[in-house]
Protein chains: 4
Amino acid sequence: MGTGLSRREKERHRQRGDMLAAALELFSEKGYHHVSMKAIAKRAEFALGTIYRFFSNKEDLYKAAMLEKAGEYHRTLTDVLSGEQGVLAALNAYITAKARIFAPNIEIFYLYFAETGGVSFNLRAGLHEEIGLLHDDLIKRLASVMDKGVRARILRDLDPHDMAVALEGLTNAFLLSWLKDPERHPYEESINTISKLFLEGSLAA
Amino acid sequence: MGTGLSRREKERHRQRGDMLAAALELFSEKGYHHVSMKAIAKRAEFALGTIYRFFSNKEDLYKAAMLEKAGEYHRTLTDVLSGEQGVLAALNAYITAKARIFAPNIEIFYLYFAETGGVSFNLRAGLHEEIGLLHDDLIKRLASVMDKGVRARILRDLDPHDMAVALEGLTNAFLLSWLKDPERHPYEESINTISKLFLEGSLAA
Amino acid sequence: MGTGLSRREKERHRQRGDMLAAALELFSEKGYHHVSMKAIAKRAEFALGTIYRFFSNKEDLYKAAMLEKAGEYHRTLTDVLSGEQGVLAALNAYITAKARIFAPNIEIFYLYFAETGGVSFNLRAGLHEEIGLLHDDLIKRLASVMDKGVRARILRDLDPHDMAVALEGLTNAFLLSWLKDPERHPYEESINTISKLFLEGSLAA
Amino acid sequence: MGTGLSRREKERHRQRGDMLAAALELFSEKGYHHVSMKAIAKRAEFALGTIYRFFSNKEDLYKAAMLEKAGEYHRTLTDVLSGEQGVLAALNAYITAKARIFAPNIEIFYLYFAETGGVSFNLRAGLHEEIGLLHDDLIKRLASVMDKGVRARILRDLDPHDMAVALEGLTNAFLLSWLKDPERHPYEESINTISKLFLEGSLAA
DNA sequence: AATGAATGAGGGTTCATTCAT
DNA sequence: GATGAATGAACCCTCATTCAT
């Protein structure tokens, strides 16, 4: 018993997911203001009014879609970092995972990036903060890996938090560069460059 | 002495500048779609119609405002790089200048960043490309400085273009980190970290 | 019995009709450019946006309103001409019907007339042509009646098409004259005059 | 002695004429509402403000332009009618003159026609009346010619005023028909038809 | 007297949101 | 609960008119 309810809840959750997916697709294709609720309803194959039973307004839907994706990314990246592997393997896995996540979704990356960066304005008040928290958490986890690496004398002896921020900046920059012009600038080489910057005595080796 | 014409032209230019300034303020405060032409007119203290004597539509005004600022930033940063100084001095000056430029204009930085990154959609077609060109030029100039540094055995022996991209990513990341929480994370320390990542034998010293 | 669908369709058609009626009223009262969509919405007792569910823009609404009325007039007049009556009866019926149609709608007559004439400019491209086709059709039908009359030696032996055009011109002129000053110039006398001009040997009688 | 003033007045009159000509050209090309005062100023090669020294507003300019042309037409047509010629010659001259006047100016004809007809709305209040007076005067003069013709037993014995109105309607209709499709419907034949309708015993001859 | 830059009311249209069915 | 027609506020832009130069 309660299965009836449960089934209904599952169904509701599935519908919500369909809406979020449709919304995210359209938002990343055209940008927030160029997507109408009607278009989202159509893409998601729901009636316009039905969307409003799940999200109180467009704003809310946007936030939910972004947070959904951000949460997914965050989960993937933290999973990668928390594996039972060595420091170098973890960082390599992180860098690779980030590329794997964003490559097929460059638009979403931009969106996410803009939010992470801050191009969010009052409009998305709240979203900014929530994504900020995720980002802070990620930095903290990265810093902890860095710390481990420094103590193991694998990484250069710099402030772990700074190194985490640096890694974020480097991966973002190389990702963008790669996505802009995939041929001219293979991502693998970027990984090498990033590694060398962090590794202790890398030149000596 | 042509002062008649010159005065009128100067006046026109001043008005245009006022409009661009007002537009930029508002766009960075609220985002493109949340700013009405009426609001820009009011902020700039012109009549609505007057704006249309200078810019053919909102789109045009936005592009002009962004390009104006982007050009200004680009000029400042390339000036810094082309001084008759050593490699290290040049890079330090660059990093500092970037902070000096963006610190008071974090919103504009986000805007610029978003455009550099790509959150621009069809809407701003053209702008994206033009800013992209400026950015490419900057990278090229940075790479040339890096090359000089590598050949002088001051910097690590990595691909100069990659190092340029890396520097961009690092400065952006640290700037954002600093601007988010100025107390906790002094920008000066970031500069140290950045330096150390690029300097040859920095750990040995 | 499909009544559900039918009812909705009927409702839709009724709404469309109300909008067209309101639009036609206002357009004939004040002219195309002096009527705002808001005013039409108000007169038709719909919200502004609702009108746009039926007509894609003001232009479209105008054309639809004109064509609606033109079609109605055309139907009425061709019906009159195609009755199983004699030539004289047909022409008399035509002249009378025209008066009956336009008398209560002098403004619409002007509008129709202007379109028939050509005061439409690019703006109403298309409408002009469509109304022109209706007009040509009417002339052709009139000419055919004239032809019958000529062959029956009831009407003067002139070119039927010319006679049709002439009848149009005469009825228009007398209608306008009558509508301008109904007392001074009874329409019945106009009919007599028109008849006499076309009848063979009318003076001899 | 007054020559100075006179010269200035002449100059003013010439300027006024240039403005009216430019305005009429544009109005007939595009229609009242699609012509801006700026465009008229440019076509007339005057400054925008200067136009307002001659006409208090756009409305006023339109009326003046229409009345100017209407007066010109009226003068031409009444001149033709008041010549020392026979009735038939006068009517023929009238019909020909009307074609000569309007053929190169079909748009103005439509405009004039619309005003004569009545598509004028509140907007052009006044203009309508004034053109109406000219039109009435023309009808009266035509009627007087008709009367002479009837008394001379050249024309059919119908009410002269009706015949005048009829002639107006016929010439308008044939003119429009001709202007719409000049090849298919030579105006000369129309003249024949018109003549036959009015001439006494024309079929007998 | 001539100029044309500046003004701002007003119009067409879109679209987030509501609510009767 | 689901639907989508109806609503109307708000936006971009034009252009007749004014007035400082």
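Letters A, B, ... mirror the listed sequences (proteins, then strands); counts begin at 1. Note that the coordinates shown come from a computational prediction; the quantities given were computed from them, not determined experimentally.
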Whole angstrom is fine here: how far is it from CZ in A/F55 over to P in E/dT18?
16 Å

The residue, C/E45 or B/S56, whose nearest nucleotide of DNA chain F is more 5′ is C/E45

Mate of F/dA6 across any strand shown (Watson-Crick or G-U wobble, both atom pairs under 3.5 Å) is E/dT17

In terms of the nearest nucleotide of DNA chain E, which residue is placed more toward the 5' end: C/Y52 or D/L48?
D/L48

Of the listed nucleotides (F/dT17, F/dT7, E/dG12), which one gets closest to any side-chain atom of C/F46?
F/dT7

Euclidean distance, atom CG of residue B/L61 to atom C1' of F/dC11 [Å, nearest integer]:
15 Å

With a cut-off of less than 4.0 Å, is there a side-chain N or O of B/Q15 near OP1 or OP2 of E/dA6?
yes

Return the value, rounded to whole Å, for the distance between atom NE2 of D/H34 and atom P of E/dG12.
12 Å

Can you tell which of F/dA2, F/dT17, E/dA1 lies closest to the side chain of D/M37?
F/dT17

If I take atom NZ in residue B/K42 and atom P in nucleotide E/dA6, what distance separates them, rounded to the nearest angstrom?
20 Å

State whether A/E9 and A/R16 are salt-bridged, where the test is any N-O pair (Lys NZ or Arg NE/NH1/NH2 against Asp/Glu carboxylate O) under 4.0 Å.
no

Which nucleotide, F/dA16, E/dA16, F/dG8, lies nearest any side-chain atom of A/S36?
E/dA16

Determine the interplanar angle of the C/H34 and D/H33 rings, folded into 0 to 90°, and report it as parallel if under 30°, tilted if 30 to 60°, perpendicular if over 60°.
perpendicular

Write down the distance between NZ (C/K58) and P (E/dG10), rounded to a whole number of angstrom.
15 Å

Should the ring pair D/Y62 and D/F27 be called parallel, tilted or perpendicular, given that the plane angle runs from 0 to 90° and is split at 30 and 60?
perpendicular

In whole Å, what is the span from the CD1 atom of D/I51 to the C1' atom of E/dA1?
15 Å

Against the side chain of C/T50, the closest entry in F/dT7, E/dT17, E/dT7 is F/dT7

Atom CZ of C/R53 and atom P of F/dG8: how far apart are they, to the nearest Å?
15 Å

Exam field: side chain B/K58 to backbone B/Y32, donor-acceptor pair closer than 3.5 Å
yes

Show your reasoning for whether side chain to side chain contact (heavy atoms under 4.5 Å, CB included) applies to C/L24 and C/M66.
CA-CA 7 Å; C/L24 206 59; C/M66 288 305 298; 4.3 Å; yes

Out of E/dG8, E/dT17, F/dT18, which nucleotide sits closest to the side chain of B/A47?
E/dG8

Figure out the NE2/P separation between A/H33 and E/dA16, and round it to whole Å.
10 Å

Mind checking if B/E11 touches a base, just sugar-phosphate, or nothing, with heavy atoms under 4.0 Å?
nothing

